[in-house]
Amino acid sequence: MKRERLTMSQALVKFLDNQYIEVDGKETKFVSGMFGIFGHGCVVGVGQALEQGGHNLTFYQGKNEQNMALAAVAYAKQMDRKAIIPCVSSIGPGATNMVTACGCATANRIPLLVLPGDTFACRQPDPVLQQAEFFDNYGRTVTDAFKGVCHYFDRIVRPEQLMTACLNAMRVLTDPADTGAVCLAMPQDVEGEAYDYPEHFLQKRVWHIDRRPISSSQLDRAVEMIKAAKKPIIICGGGVRYSEAEKELLALAEKCNIPISETQAGKGLIDWKHPLNLGGIGVTGGKAANVIGRDADLIIGVGTRFSDFTTSSKWLFNENRKVLGINICPFDAYKMDAEAIIADAREAISAIYASIGDYKTAYTDEIANAKTEWDAIVDDYYTKELDGGLNQTLALGIINEFMDEGDIALGSAGSLPGDMQRLFRPKKRGNYHMEYGYSNMGYEVNGALGAKLAQPESEVYTFCGDGSFLMGHSELYTALQEGLKINVCVFDNLGWGCIENLQNNQGTDTFGTVFRARNPETGMLDGADMTVDFAKIAEGYGAKGYTCRTSDELRAALEDAKKQTKAVLFDIKVLPQTMTPGFESWWRVGVAEVSKSERVAAAYEDMQAHIKETFDY
């Protein structure tokens with residue numbers, strides 16, 4: 001057996017450089033780059049392996065470990081999970097900074113490989129710089145924190161362990177049913193230790209992502225349930241995107257006259273103008289999908305994880321409905337007490353289409369009426385001017401209309417994801433990019449870098465509130481460093497407006513959710529508004545900044561930004577509380593059972609009344 005003597009880090013780099021995937025006969029490279037921030041726990045290990053060359057990995061210099069890992073999540077998502085950018089860090093805070101991003105990846109079913117440095121396996125220099133010691137277990141390190149947010153965790157304490165660790169990491173990263181974050185913790189001494197690695201481990205390896213077919217018995221049950229339904233509705237989830245099943249899903253819907261609703265991850269796969277597309281469903285959904293969904297007797301969930309926002313905390317659907325769950329992941333297929341169809345979405349939908357015969361739903365004009373009413377509501381939100389300043393929905397409408405067909409719209413947290421699921425009209429398949437499984441504040445600017453790396457030919461418009469921008473925007477610097485133009489749309493409403501709205505709706509007065517100075521007279525945060533010049537912050541990085549207080553200023557800024565070749569930021573000053581409301585939906589949050597406030601008590605009673613209408617699973 002031929003062998004090559006390499007350090008563990010050198011073998012890791014060589015291994016990653018030779019990983020490929022094959023889907024439907026098309027073979028592509030799975031790893032082409034690596035994010036990293038060097039410190040004493042990795043710079044002479046993985047850093048040395050990258051520096052000496054002999055590989056085809058592009059190194060991207062991150063500026064914050066959490067933010068570069070969020071960019072890697074966005075990259076994998078925009079690539080439909082067919083490529084990743086691993087992230088390497090030093091030990092201690094550099095490592096644990098990536099824990100949040102791992103939670104984000106796992107919640108969204110997105111592959112993310114993190115390679116944090118770790119303390120010495122030999123333990124002889126301990127305690128080293130940035131090492132947290134645990135008195136109950138000397139073998140425990142801070143990288144154990146990754147175990148709670150990763151689908152696979154391994155600590156490589158001998159260089160030869162790299163082989164089983166890497167194979168298991170790739171097993172998870174390329175598994176459509178079990179993907180998420182993977183952590184390979186690397187003690188800094190082991191990173192530099194050598195081993196005679198077998199040549200076959202370092203050679204090109206192709207991982208085949210096969211489509212799981214629907215079984216004959218599953219097909220019979222699915223067809224029987226659909227044929228028995230008079231008014232079914234389809235929920236199009238992110239699994240439809242990753243399976244590339246949107247054409248088959250639409251063909252089935254058209255054949256049987258079944259209305260389609262969308263989750264955040266499934267939005268944009270079906271043309272919003274299509275007469276059967278009712279738009280977003282659930283808490284952040286629109287009236288059309290929620291009204292039709294409430295009366296449906298069969299919920300056909302395709303590639304959805306049935307989150308509380310999709311189901312309105314299991315309140316939305318009527319008590320007589322049945323659920324058909326079509327999902328490659330058994331964990332998701334069985335949710336909502338569904339009849340589980342564990343299969344690839346495209347394979348399952350194609351088989352159902354071929355077996356459904358001449359079945360038609362009993363809908364008459366309900367779908368068309370609901371869609372016509374909803375389109376008019378969206379038009380109104382997108383065009384209505386308000387006195388006193390620029391409202392959020394008008395600003396969103398202006399940008400939506402301005403964007404070209406190939407442009408990417410990206411978001412994650414705050415009130416904007418609700419406005420975007422309800423109102424946004426994507427112009428091309430796959431260019432609505434919303435991270436809403438984790439609703440990770442700070443994802444937006446950093447995610448824009450990842451999306452741009454994945455699709456450099458497209459303009460990327462990322463939508464975030466001022467609160468999210470303040471949470472994390474370090475990779476704006478990296479975008480400038482890489483010469484990648486991203487368009488950052490900061491909607492400045494002077495606080496966490498989404499949470500203030502929730503707070504007020506549940507009976508509590510505004511407290512801690514608006515950005516105001518501390519008032520020396522009251523001792524509270526109820527002084528003057530904290531005004532921030534976000535355009536100037538961007539300019540300080542070297543980006544182009546625009547301040548927009550009116551619709552005309554926003555339109556002019558968008559036109560000028562189109563001519564720019566570097567990253568731009570729109571500091572959009574919007575009126576607080578001008579986001580969209582809920583439409584025929586309810587969201588369960590924990591309201592105080594005991595309170596001195598009558599409004600809080602009323603909110604608690606309202607919650608209890610809604611709970612009685614939900615179903616336990």
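The basis for the numbers below is simple: all heavy atoms, side chains too, and nothing from hydrogens, waters or symmetry mates.
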Practice prompt. Begin with the C-alpha distance, continue with both residues' side-chain angles, and end with the deciding distance and a verdict on side chain to side chain contact (heavy atoms under 4.5 Å, CB included) for Asn108 and Val73.
Written response: CA-CA 9 Å; Asn108 286 281; Val73 173; 5.6 Å; no
Discussion item. Between Leu558 and Tyr461, does the side chain to side chain contact (heavy atoms under 4.5 Å, CB included) criterion hold? Intermediate values first, please.
Written reply: CA-CA 11 Å; Leu558 289 166; Tyr461 290 81; 4.2 Å; yes
Item to complete: Step by step, work out the salt bridge (Lys or Arg N to Asp or Glu O under 4.0 Å) result for Asp80 and Arg241.
Response: CA-CA 7 Å; Asp80 289 346; Arg241 173 177 179 167; 2.7 Å; yes
Discussion item. Before you tell me yes or no, could you show the steps for Lys544 and Asp560 under side chain to side chain contact (heavy atoms under 4.5 Å, CB included), namely the whole-Å CA-CA distance, both residues' side-chain angles and the distance that decides it to 0.1 Å?
Written reply: CA-CA 10 Å; Lys544 174 68 174 177; Asp560 188 72; 4.0 Å; yes
Item to complete: List the steps, then state whether side chain to side chain contact (heavy atoms under 4.5 Å, CB included) holds for Ile572 with Tyr546.
Response: CA-CA 8 Å; Ile572 308 169; Tyr546 303 90; over 6 Å; no
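The line from OG1 of Thr143 to CG of Asp118 is 3.5 Å long, rounded to the nearest 0.5 Å. Of the inter-residue distances, the one linking Leu184 atom CG with Ile156 atom CD1 reads 5.0 Å to the nearest 0.5 angstrom. Distance CG/Asn168 to OH/Tyr152: 4.0 Å, rounded to 0.5 Å. Between Asp126 atom CG and Glu133 atom CD the span is 7.0 Å, to the nearest 0.5 Å. The line from CG of Leu480 to OH of Tyr541 is 9.5 Å long, rounded to the nearest 0.5 Å. For the atom pair CD of Gln66 and CE of Met471, the computed distance is 9.5 Å after rounding to the nearest 0.5 Å.
Between the Asn440 side chain and the Ser412 main chain, no donor and acceptor come within less than 3.5 Å of each other. Here the side chain of Thr179 pairs no donor or acceptor atom with the backbone of Thr174 at under 3.5 angstrom. At least one donor-acceptor pair closer than 3.5 Å links the side chain of Lys566 to the backbone N or O of Gly542.
In this structure, Gln61 and Phe38 have side chains that are not in contact, with every pair of non-hydrogen atoms separated by 4.5 Å or more. Counting only heavy atoms from C-beta outward, the side chains of Pro187 and Arg155 approach each other to under 4.5 Å. Side-chain contact check for Cys489 versus Thr462: every heavy-atom pair is 4.5 Å or farther apart. Looking at heavy atoms from C-beta onward, Ile37 lies in side-chain contact with Met68 at the 4.5 angstrom threshold. Residues Ile209 and Pro176 meet the side-chain proximity criterion, which asks for heavy atoms closer than 4.5 Å. No side-chain heavy atom of Glu65 sits under 4.5 Å from any side-chain heavy atom of Cys87. Using a 4.5 Å heavy-atom threshold, the side chains of Lys428 and Asp404 count as separate. Glu444 places none of its side-chain heavy atoms less than 4.5 Å from the side chain of Val488.
Side-chain polar atoms of Arg211 and Ser243 form a donor-acceptor pair below 3.5 angstrom. If you check the side chains of Lys63 and Gln481, you find a donor sitting under 3.5 Å from an acceptor. Residues Gln19 and Trp207 have side chains that bring a donor and an acceptor to within less than 3.5 angstrom of each other. When only modelled atom types and interatomic distance are considered, Glu459 and Asn487 share a side-chain donor-acceptor pair under 3.5 Å. Side-chain contact check for His473 and Asn446: no donor-acceptor pair (N or O, by modelled atom type) lies under 3.5 Å. When only modelled atom types and interatomic distance are considered, Tyr443 and Asn67 share no side-chain donor-acceptor pair under 3.5 Å.
Using a 4.0 Å cut-off between charged nitrogen and carboxylate oxygen, Arg205 and Asp17 do not count as a salt-bridge pair. In summary, Lys147 and Asp144 engage in a salt bridge, as defined by a charged side-chain N under 4.0 Å from a carboxylate O. Taking the charged nitrogens against the carboxylate oxygens, Arg3 and Asp196 have no contact shorter than 4.0 Å, which rules out a salt bridge. Classification of Lys536 and Asp571 as a salt-bridged pair fails, no side-chain N sitting under 4.0 Å from a carboxylate O. A salt bridge links Arg346 with Asp24: the closest approach of a Lys/Arg side-chain nitrogen to an acidic carboxylate oxygen falls below 4.0 angstrom. Between Glu244 and Lys82 there is a salt bridge, since a side-chain N of the basic residue sits under 4.0 Å from a carboxylate O of the acidic one.
Judged by the 6.0 Å distance and 45° axis criteria, Lys335 is not positioned over the aromatic ring of Phe306. Remark: Lys204 is positioned above the aromatic ring of Tyr20, its terminal NZ or CZ atom under 6.0 angstrom from the ring centre and at most 45 degrees off the axis. Geometrically, Lys77 does not engage Tyr75 in a cation-pi contact defined by less than 6.0 Å to the ring centre and at most 45° from the axis.
At most 12 heavy atoms of other shown residues, nucleotides or ligands fall within 6.0 angstrom of atom OH in Tyr477. For Arg158, the CZ atom is loosely surrounded, since the number of other residues' heavy atoms within 6.0 Å does not exceed 12. Atom OH of Tyr334 has 12 or fewer neighbouring heavy atoms from other residues, nucleotides or ligands inside a 6.0 Å radius. Around the CZ atom of Phe331, the shell of radius 6.0 Å holds no more than 12 heavy atoms that belong to other residues, nucleotides or ligands.
Ring centroid separation for the pair Phe146 and Phe153 does not come in under the 6.0 Å cut-off.
With Gln10 as reference, Gln48 is the one residue of His55, Gln48, Glu4 to meet the side chain to side chain donor-acceptor pair (under 3.5 Å) rule.
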